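Read through the structure below, which is laid out as structure tokens, and then see the notes.
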Amino acid sequence: MCGIVGYVGPNKAVPFIMEGLAKLEYRGYDSAGVAVLENGSIEIRKTEGRLKKLADILEHETLGATTGIGHTRWATHGRPSNRNAHPHSDCTGNFALVHNGIIENFTSIKEGLLERGHKFTSETDTEVVVHLIEEFYKGDLVRAVQDTVAEVRGSYALVVVSCLHPDMIVCARKDSPLVIGLGEGENYVASDIPAVLRHTRRTYVLEDGEMAVLRSGGVDVMTTTGRPVSKNVFNVTWDPVQAERGGYPHFMLTEIHEQPRAIRDTLRGRISEDRTRVVLDEVHLTRDELAGLRGLAITACGTAYHAGMVTKYLIERLARIPVEIDVASEFRYKDPLVGPDWPLVVISQSGETADTLASLREGKRRGAHVIGITNVVGSSVAREASDVVYTWAGPEIAVASTKAYVTQLVVGSLLAIWIAQAKGTISQDLAHELISELNELPEKAQRVLEMEDEVKAVAKFVAEWDDAFFIGRGLDFMLCLEGQLKLKEISYIHAEGYPAGELKHGTLALITEGVPVIALATQLDLLDKTISNITEVKARGGHVTGVTMENGRELEKHLDHILCLPRTHQYLAPVLAVIPLQLLSYYAAIERGADVDKPRNLAKSVTVE
Ligand code: AGP
């Protein structure tokens with residue numbers, strides 16, 4: 001997610017903005033810029049690259065402005081570049097704006113603005129907003145922003161300045177965070193508390209649908225429809241380290257809790273307005289090419305590979321075509337079956353994993369259409385794939401992948417439904433049910449997060465053991481693989497994920513008195529089979545924690561502990577069922593004193609083979 005900082009007061013704005021942006025650097029970004037109100041006009045300085053590059057540009061200038069805004073960009077629409085960097089300005093140069101979020105309907109808005117003669121300088125979705133403000137402006141900046149946000153759909157944290165109102169910053173929030181820092185004779189706005197913490201601990205946290213007008217003498221908060229809002233001051237008690245993590249002790253826990261927002265953002269613009277169709281315009285395969293698809297291949301590493309396994313399952317179940325999947329370190333050495341009529345899907349959070357990149361290049365060498373699913377705009381996967389479908393998880397900093405995995409599952413589900421609809425292999429009822437359930441995932445994921453204390457109790461038990469087993473059938477088995485990897489990589493407990501029906505062919509020999517077994521049972525059409533596997537484990541003394549959905553409660557009498565999730569379609573259950581597994585691994589690692597964000601021997605992006 002992008003970093004935003006704004007200052008209005010008696011002092012120079014640039015030093016405050018640059019210091020604040022530096023405090024947000026940990027979030028990851030690809031470009032940076034500032035806009036300040038200098039001598040009756042707006043001065044914008046922005047550049048691709050690191051903050052240092054922007055600082056080098058600014059150090060040769062004497063910008064005495066006392067009102068200004070700054071931004072560090074995590075690219076979504078439009079590759080990292082100078083012209084796509086924020087702030088963006090309108091045709092008149094009277095307004096400058098920074099934004100964090102995704103404007104879903106920017107294409108249609110941009111078409112209208114172009115028809116009305118507006119000139120654009122960037123490829124970003126953001127730029128349409130500042131041109132709308134220019135259009136709506138009739139002397140009242142607050143009203144112009146209100147009229148503008150009424151036109152846009154999507155997520156935004158918007159911060160606007162104008163040389164026509166030099167003592168004012170106007171900001172508005174929907175789905176992307178914005179905090180107001182309350183100073184003495186000066187006020188601040190930021191996307192995150194660390195940016196203002198050195199200057200104030202007194203803040204307003206804007207809620208969705210709220211906006212604020214900052215002047216040096218005070219802050220007015222209202223709804224974006226103009227109704228005044230009286231805000232309680234949120235006194236920040238966090239230390240700077242905690243503040244960087246949104247109040248959580250580790251990035252991993254922050255990112256686990258960001259998953260509802262990440263799911264929501266990843267779904268944006270990919271479901272038709274009437275909620276009957278998946279829309280994946282990023283993939284340039286024609287309907288005939290899709291309808292004629294005889295199969296495809298998937299390759300990835302680690303957690304991304306596990307997301308690929310779920311994607312394989314869903315494409316085969318819904319689109320009725322075979323999907324080959326291999327870990328990327330094996331894929332290119334097996335003379336893979338990809339080519340002009342056999343596309344390849346590569347999945348990579350970083351977009352830089354060496355094995356995955358090499359497999360992408362091998363697929364292209366063989367003439368395959370390569371679809372890249374990645375979280376990083378401008379990454380090697382994004383640049384080299386034939387098409388790229390982004391996960392909008394935002395920067396993932398913890399080594400253990402959580403929100404990226406969940407958004408990979410969302411994209412995988414969308415891809416499966418999209419192909420099935422093109423091939424006519426999915427009924428309208430099932431498509432509508434899946435699409436409706438996809439839209440409910442953010443809220444249901446939030447409900448799963450509220451089970452954190454229940455999971456913590458299980459984690460305390462698991463943490464006492466050096467071995468743990470995950471069992472499940474169908475999609476639950478694929479989820480076991482992700483659960484065991486999470487537990488291994490951050491708590492260092494040895495864990496194995498197994499098809500529940502496979503235990504009796506050997507691994508059952510390892511089930512001794514009390515050993516922890518996590519039984520995933522969300523695939524309710526296989527529940528009876530899973531229950532018999534659970535009873536096999538119980539008969540040998542294993543301690544079984546079951547993960548199921550509300551309609552799987554009959555499981556409870558067979559278990560030592562049950563984690564019961566909100567009900568969703570079982571094809572989408574992995575998106576919810578992985579959350580307790582992530583929390584289990586996190587709290588087991590805490591119990592064992594492991595370094596959660598930087599586990600031993602591991603790197604966030606494995607750029608070597
Ligand atoms: C995830 O928890 C692991 N840290 C690791 O398996 C990771 O998923 C793998 O290295 C692939 O990374 P990528 O998604 O950036 O390609």
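This is a predicted model, so every value here is computed, not measured. Each residue takes its place number in the sequence, starting with 1. Numbering of ligands and ligand atoms starts at 1, following listing order. Basis for what follows: all heavy atoms, side chains included, without hydrogens, waters or symmetry-related copies.
Counting only residues at least two apart or in different chains, ring-ring contact (aromatic ring centres under 6.0 Å, His included) contacts with residues 343-394 comprise H77-W392, Y390-W392.
Protein heavy atom at the shortest distance from atom 8 (O) of ligand 1 is T303 N, 3.1 Å. Looking only at protein heavy atoms, the nearest one to atom 13 (P) of ligand 1 is T353 OG1, 3.3 Å. Given atom 9 (C) of ligand 1, the protein heavy atom at minimum distance is C301 O, 3.8 Å. For atom 10 (O) of ligand 1, the nearest non-hydrogen atom of the protein is V606 CG2, 4.0 Å.
If you check each of E352, E489, Q408 against atom 3 (C) of ligand 1, the one with the closest non-hydrogen atom is E489.
Considering backbone and side-chain atoms together, Q349 places an N or O closer than 3.5 Å to an N or O of ligand 1. Considering backbone and side-chain N/O atoms, V399 comes within less than 3.5 Å of an N/O atom of ligand 1. For T356, no nitrogen or oxygen atom sits less than 3.5 Å from a nitrogen or oxygen atom of ligand 1, counting backbone and side chain alike. For ligand 1, none of its N or O atoms has an N or O atom of E482 under 3.5 Å away.
The salt bridge (charged side-chain N to carboxylate O under 4.0 Å, His left out) check on E452 picks up nothing, with sequence neighbours excluded.
Atom OG of residue S413 and atom CG of residue L438 lie 6.0 Å apart, to the nearest 0.5 angstrom. In this structure, CD1 in I298 is found 9.0 Å from CG in L344, a value given to the nearest 0.5 Å.
Side-chain contact between D466 and R592: present, with at least one pair of heavy atoms (C-beta onward) separated by less than 4.5 Å.
For E316 and K312, the salt-bridge test passes: some basic side-chain N is under 4.0 Å from an acidic carboxylate O.
If you number the atoms of ligand 1 from 1 as listed, the ones under 4.0 Å from a heavy atom of S401 come out as 1 (C), 2 (O). Under a 4.0 Å criterion applied to the non-hydrogen atoms of A400, ligand 1 contributes the atoms 2 (O). For ligand 1, the atoms lying closer than 4.0 Å to a non-hydrogen atom of A304 are 8 (O), 14 (O).
Nearest approach of S348 to T356, heavy atoms of both residues: CB-CG2, 4.2 Å.
Between the side chains of E396 and S401, a donor-acceptor pair is found at a separation under 3.5 Å.
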Test side chain to side chain donor-acceptor pair (under 3.5 Å) applied to T522 and D476, step by step: CA-CA 7 Å; T522 67; D476 283 330; 2.5 Å; yes
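For the ligand labelled ligand 1, residue K486 lies inside the 4.0 Å heavy-atom shell.
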